[in-house]
There are 2 protein chains.
Amino acid sequence: MPAPHRDRHHHHVLVRKLDRLVPLTEDDAGALADLSVGARQVRPRTELLHEGDTPDEVILVLEGFAARCKFQPTGHRQILAHLLPGDLCEADAGHLSRLDFSVGTLSACMVAFIPRRALVSTLERHPAMARALRLAKLQEEAISREWLVNVGCRSALERMAHLLCELQVRLQAVGFATRNGYGFPITQQDLGDTLGLSNVHVNRTLRVLRDQNLIEWRERQMRILDLPQLQAIAAFKAGYLHSTTGHESLPR
Amino acid sequence: MPAPHRDRHHHHVLVRKLDRLVPLTEDDAGALADLSVGARQVRPRTELLHEGDTPDEVILVLEGFAARCKFQPTGHRQILAHLLPGDLCEADAGHLSRLDFSVGTLSACMVAFIPRRALVSTLERHPAMARALRLAKLQEEAISREWLVNVGCRSALERMAHLLCELQVRLQAVGFATRNGYGFPITQQDLGDTLGLSNVHVNRTLRVLRDQNLIEWRERQMRILDLPQLQAIAAFKAGYLHSTTGHESLPR
DNA sequence: CGTCCTCTTGAGACTACTCAAGCGGGGTGG
DNA sequence: CCACCCCGCTTGAGTAGTCTCAAGAGGACG
């Protein structure tokens with residue numbers, strides 16, 4: 001029993017992600033999949049783009065956790081965004097002279113480096129993809145707004161719960177989470193740099209969630225035991241992710 | 001002694017701001033200025049766009065301080081961005097179904113409500129403006145990244161100093177700051193909601209800066225007495241604002 | 001087998017918060 | 001014109017949340 005024709009490339013993360021935002025043709029999907037030939041396995045804690053660079057390649061994460069981050073003179077690191085499978089990074093950074101942050105892997109990752117020119121020309125030939133990427137960018141911005149709220153006015157427990165809920169939704173949208181958990185191959189230090197907490201306090205906060213039987217985290221696998229309760233703690237509203245069931249209104 | 005021809009519209013904030021990013025023709029400038037006819041005076045603490053709305057108008061601030069903000073169920077408010085004179089807000093929000101934040105004035109403001117269709121058609125006829133707006137958007141994103149760093153890993157004193165430095169640069173770029181200060185008509189509570197601090201702690205933090213003769217803030221006028229020292233406290237690097245002397249490289 | 005890295009837990013310190021009270025200026029109504 | 005009131009600023013006191021320093025345990029890897 002053959003899969004429907006239009007699903008031929010749907011094993012590809014980026015296709016899965018964008019098709020939820022804007023229905024793609026089989027032709028679109030193929031062109032998209034072609035962009036990520038030559039993907040490479042990258043070790044954890046590897047810098048992919050450096051602060052101050054003017055990269056002529058765009059990063060596409062296919063597997064694993066990567067991140068945008070900024071390093072402070074004090075040695076502190078702030079993680080600005082998690083780059084999950086299907087996330088395309090710095091698509092329009094070419095407009096700026098220099099990056100004001102760096103991009104690196106947290107875990108081992110499968111990453112494609114897409115020449116900007118190739119991306120641009122593909123987008124010109126596939127306007128639906130361009131529209132989907134604009135929507136994806138808006139989602140990203142909504143996430144970073146929520147992160148500012150997180151560090152700005154939530155307690156450690158609330159922040160942690162909120163992040164775990166967000167990842168559940170985002171990863172599920174690209175097929176990297178089950179109903180009650182996901183692979184979570186990052187360190188507690190990474191988590192601290194994400195949430196603006198010390199690694200020690202991250203540990204204590206996780207223990208509270210574990211002691212309340214809300215989560216379990218072993219062998220790089222996060223199990224969400226009580227999602228409703230976790231969402232309640234975080235006052236988590238999935239709406240901001242704009243990824244509910246796909247196919248947003250398409251003005252303009 | 002007549003002003004040079006191309007300066008005819010340069011009394012307009014948005015023209016001043018965008019012309020620094022991409023040189024505009026007199027024709028561009030005129031079209032831009034036309035968009036803000038019908039600007040209105042708005043009282044402080046007025047909501048301009050509401051969370052959940054799908055606005056068909058874009059906000060242009062001509063005078064005063066406005067802000068994007070998110071309200072929490074707990075009653076807390078997080079300010080996501082300051083909208084200063086020359087800032088154009090939610091230019092591409094039309095792509096999303098619903099706003100996940102609201103926009104409101106902090107101080108009394110002069111604001112233009114620009115119908116999205118008018119903006120779009122002007123941008124189609126003036127591609128330089130469209131390019132300038134894309135660059136302005138990138139600046140905004142850089143600022144919000146820096147804000148995340150601010151609340152994520154800086155102390156109260158550092159956060160405050162950093163914000164004051166940022167405003168000095170941003171306001172000077174649109175002619176709303178002198179070399180050593182600017183009008184600063186917002187409350188300490190607003191400042192707290194911006195920096196993730198309580199209003200009480202904002203007050204104490206300001207007193208430290210005042211006691212060290214770094215700033216003076218009276219009658220809604222902020223005077224920066226020692227900018228280098230303030231920048232040193234904040235580890236402030238103006239580079240992220242990408243507004244140094246204008247006319248960035250223009251790829252693509 | 002040793003080393004390194006991450007996780008874990010304890011103890012003590014410090015930053016920032018909450019609650020509370022007083023002050024001062026600007027606007028409003030008598 | 002004056003009195004009052006409200007809102008924002010200021011300062012104090014005590015508390016809570018988070019941080020730093022430190023030490024030990026458990027794995028992974030060479």
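We name chains A, B, ... by the order of the sequence lines, and we start the count at 1 in each one.
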Inset, instruction - Using the test salt bridge (Lys or Arg N to Asp or Glu O under 4.0 Å), find all partners of B/Glu51 that sit at least two apart in sequence or belong to another chain. - result: none
Legend entry - Any side-chain donor near an acceptor of the partner, A/Gln188 and A/Asn199, under 3.5 Å: no
Legend entry - Within residues 199-221 of chain A, residues whose heavy atoms come under 4.0 Å of DNA chain C: A/Val200, A/Asn203, A/Arg204, A/Arg207
Inset, instruction - Could you list where the contact with chain B starts and ends along DNA chain D, reading 5' to 3', using a 4.0 Å heavy-atom cut-off? - result: D/dG8 to D/dA13
Legend entry - chain A contact limits on DNA chain C, taken 5' to 3' with a cut-off of 4.0 angstrom to heavy atoms: C/dT6 to C/dA11
Legend entry - pair A/Val174-A/Leu84: side-chain heavy atoms closer than 4.5 Å: no
Legend entry - Which residues share a side chain to side chain donor-acceptor pair (under 3.5 Å) with B/Gln78, sequence neighbours left out: none
Inset, instruction - Enumerate the residue pairs fulfilling salt bridge (Lys or Arg N to Asp or Glu O under 4.0 Å) with a member in residues 222-233 of chain A, sequence neighbours excluded, ordered by first and then second residue. - result: none
Legend entry - Rounded (10°) bend between the five-pair end axes of the helix from C/dC1-D/dG30 to C/dG30-D/dC1: 40°
Inset, instruction - Kindly give the heavy-atom pair with the smallest separation between B/Pro85 and B/Leu171, and that separation in Å. - result: CD-CD2, 4.2 Å
Legend entry - Set of residues satisfying salt bridge (Lys or Arg N to Asp or Glu O under 4.0 Å) with respect to A/Glu166, sequence neighbours excluded: A/Arg170
Inset, instruction - Indicate, with a heavy-atom threshold strictly under 4.0 Å, whether A/Ser198 touches base, sugar-phosphate, or nothing. - result: base
Inset, instruction - Write down the atom of A/Trp147, the atom of A/Leu163, and the distance for their closest heavy-atom approach. - result: CZ2-CD1, 4.0 Å
Legend entry - Sequence neighbours excluded - salt bridge (Lys or Arg N to Asp or Glu O under 4.0 Å) pairs with any residue from residues 63-83 of chain A: A/Arg68-A/Glu90, A/Arg68-A/Glu140, A/Lys70-A/Asp100, A/Lys70-B/Glu146, A/Arg77-A/Asp190, A/Arg77-A/Asp193
Inset, instruction - Enumerate the residue pairs fulfilling ring pair (Phe, Tyr, Trp, His ring centres under 6.0 Å) with a member in residues 188-209 of chain A, sequence neighbours excluded, ordered by first and then second residue. - result: none
Inset, instruction - Would you please name every residue forming a side chain to side chain donor-acceptor pair (under 3.5 Å) with A/Thr194, sequence neighbours left out? - result: A/His82
Legend entry - All ring pair (Phe, Tyr, Trp, His ring centres under 6.0 Å) counterparts of A/Tyr182, not counting sequence neighbours: A/Phe184
Inset, instruction - Could you check whether B/Gly196 gets within reach of a base, just the sugar-phosphate, or nothing at all, counting any heavy atom under 4.0 Å? - result: sugar-phosphate
Legend entry - Identified side chain to side chain contact (heavy atoms under 4.5 Å, CB included) partner of A/Met160 from the options A/Leu191, A/Ile215, A/Ile233: A/Leu191
